[in-house]
Amino acid sequence: VQISNARKSHSTMMRGRRGRKRRHDTLAALEELDAGELAQDCAVIKRRRLAAGVLAPCASPPPPPIGEAGVPLVGLALDRTGGSGPGDAVIAMLAIMRAGAAYLPLDPAAPRERLAAIVTDARPAAVLVEDAASDLARGLAASTGVRVLTLAQVRAWAAPSKADVQAGTGVPHAESAAYVLFTSGSTGRPKGAILDHGAAVSYVAHTVADYRLSPADVCLLKTAFVFDVSVSEVFLALASGASLVIGPHGIGGDGGGLAALAVARAITVLHAVPSQLDLFVRALAASGGTAAAATPSALRLVIASGEALP
């Protein structure tokens with residue numbers, strides 16, 4: 001198993017379908033997504049091109065733009081396993097970025113006070129939820145006045161017009177904000193950090209090229225969207241054409257469950273923080289005598305980041 005510490009590069013060149021080099025400026029431009037099979041509590045996503053979209057008119061008064069390129073912000077209050085079909089949350093995330101907006105991940109299970117504080121601070125144009133009649137949707141709308149959208153409404157977004165493309169409006173660029181993450185707030189009030197497309201694409205392009213990810217690989221999405229490891233998990237798969245297995249709730253903290261899933265779904269690429277890897281290795285050792293002997297045969301690359309390796 002190849003173990004890598006995640007690192008960044010300024011290279012954004014990747015090879016296209018016919019071997020030509022192409023320059024990708026945004027995360028949404030990297031992928032061709034396909035809604036795939038649903039296997040018990042895991043969804044597998046493969047490639048299918050999604051239609052581009054533009055935001056429906058924002059509620060009045062319009063929210064302030066964010067980032068150097070001044071893009072709008074849309075809250076994403078969907079669990080990665082939620083929605084009516086496999087990968088709906090991932091599809092929604094991509095639709096937001098293709099609409100020229102940045103996404104603001106919101107954990108539906110978080111305390112309502114925290115969610116309301118983040119929405120009030122960030123002032124997104126809208127918040128995307130699974131069900132507009134849910135307590136979460138009603139609570140956010142009542143406490144913050146934010147507009148609530150559903151997955152069905154996102155799917156109805158129209159493609160940017162030719163005039164919009166020529167004018168550069170509604171089309172994200174490398175300098176555009178891609179997503180906004182808020183800190184835990186454990187040392188005070190949660191603070192938002194704006195991440196742009198260029199930095200994320202640089203990391204993804206470098207990692208795909210350096211570790212030769214391909215359509216033969218199988219990656220795992222086990223991290224909530226409120227953590228930036230999820231960006232790596234999603235876009236390493238989509239940029240390389242690999243399959244993306246969407247793990248069930250709590251799989252990141254369940255070493256035994258993670259080991260069993262890695263075997264069952266023939267995971268080849270795993271990105272995790274060292275504390276998760278420790279649980280994973282301990283579970284492998286407990287089941288097979290030694291971690292080396294019990295390591296899933298398909299697993300070829302482990303990317304460790306976010307914490308110091310022991």
Side-chain angles (χ1 to χ4, degrees), residues 1-9 27 79-81 93 103-107 109-111 114 118 178-196 199-208 210-211 213 217-237 239 242 244-263 265 267-287 290-292 294-296 298-310:
V1 177
Q2 184 178 10
I3 299 180
S4 161
N5 277 316
R7 37 193 183 118
K8 293 185 177 180
S9 163
L27 288 171
D79 184 85
R80 68 177 184 277
T81 60
M93 177 176 65
Y103 72 91
L104 169 69
L106 300 166
D107 182 359
R114 171 178 168 81
I118 291 174
Y179 56 98
V180 175
L181 297 180
F182 270 75
T183 62
S184 65
S186 59
T187 58
R189 183 177 178 179
K191 300 177 180 64
I194 301 172
L195 293 304
D196 65 40
V201 168
S202 179
Y203 161 75
V204 170
H206 162 79
T207 305
V208 168
D210 220 35
Y211 300 108
L213 272 67
D217 281 306
V218 181
C219 302
L220 174 64
L221 172 59
K222 57 171 176 41
T223 306
F225 289 149
V226 295
F227 300 106
D228 57 3
V229 168
S230 65
V231 176
S232 174
E233 291 175 336
V234 169
F235 286 99
L236 289 182
L244 179 63
V245 174
I246 301 180
H249 290 286
I251 193 68
D254 178 3
L258 185 58
L261 181 60
V263 171
R265 305 306 298 175
I267 302 299
T268 65
V269 178
L270 178 66
H271 189 165
V273 296
S275 55
Q276 290 176 327
L277 290 178
D278 182 60
L279 295 174
F280 179 63
V281 170
R282 288 174 183 273
L284 292 176
S287 64
T290 66
T295 299
L299 186 62
R300 70 173 187 85
L301 175 64
V302 174
I303 302 174
S305 65
E307 299 170 355
L309 284 168

CG of L181 to CG of L195, rounded to nearest 0.5 Å, is 5.5 Å

Give the table of side-chain donor-acceptor pairs shorter than 3.5 Å for residues 224-235, with sequence neighbours excluded, one pair per line with atom names and distance.
residue: S230; atom: OG; partner: F227; partner atom: O; Å: 2.7
residue: S232; atom: OG; partner: Y203; partner atom: OH; Å: 2.9
residue: S232; atom: OG; partner: H271; partner atom: ND1; Å: 2.7
residue: E233; atom: OE1; partner: K222; partner atom: N; Å: 3.2
residue: E233; atom: OE1; partner: T223; partner atom: N; Å: 3.2
residue: E233; atom: OE1; partner: T223; partner atom: OG1; Å: 3.1
residue: E233; atom: OE2; partner: K222; partner atom: NZ; Å: 2.9
residue: E233; atom: OE2; partner: T223; partner atom: OG1; Å: 3.0

Which atom of P274 lies closest to which atom of S305, heavy atoms considered:
CD-O, 3.5 Å

Looking only at heavy atoms, the pair that brings I251 and L261 closest together is CG1-CD2, 4.0 Å

Working to the nearest 0.5 Å, report the span between OG1 of T183 and CD1 of I118.
8.0 Å

To the nearest 0.5 Å, atom CG of L309 lies from atom CG of D278 at 11.0 Å

Set of salt bridge (Lys or Arg N to Asp or Glu O under 4.0 Å) partners for D217, sequence neighbours left out:
R300

How close do F182 and R114 get, counting heavy atoms only, and between which atoms?
O-NH2, 3.8 Å

Under 4.5 Å between any side-chain heavy atoms of F280 and V302, yes or no?
no

Please give me the minimum heavy-atom distance between V218 and V245, naming the atom from each residue.
CG1-CG2, 3.6 Å

Starting at CG of D196, measure out to CG of L27 and round the result to the nearest 0.5 Å.
9.5 Å

OG1 of T268 to CG of L220: how many Å apart, nearest 0.5 Å?
10.5 Å

To the nearest 0.5 Å, tell me how far I194 CD1 sits from L104 CG.
10.5 Å

Is there side-chain contact between L258 and L279, with at least one heavy-atom pair below 4.5 Å?
no

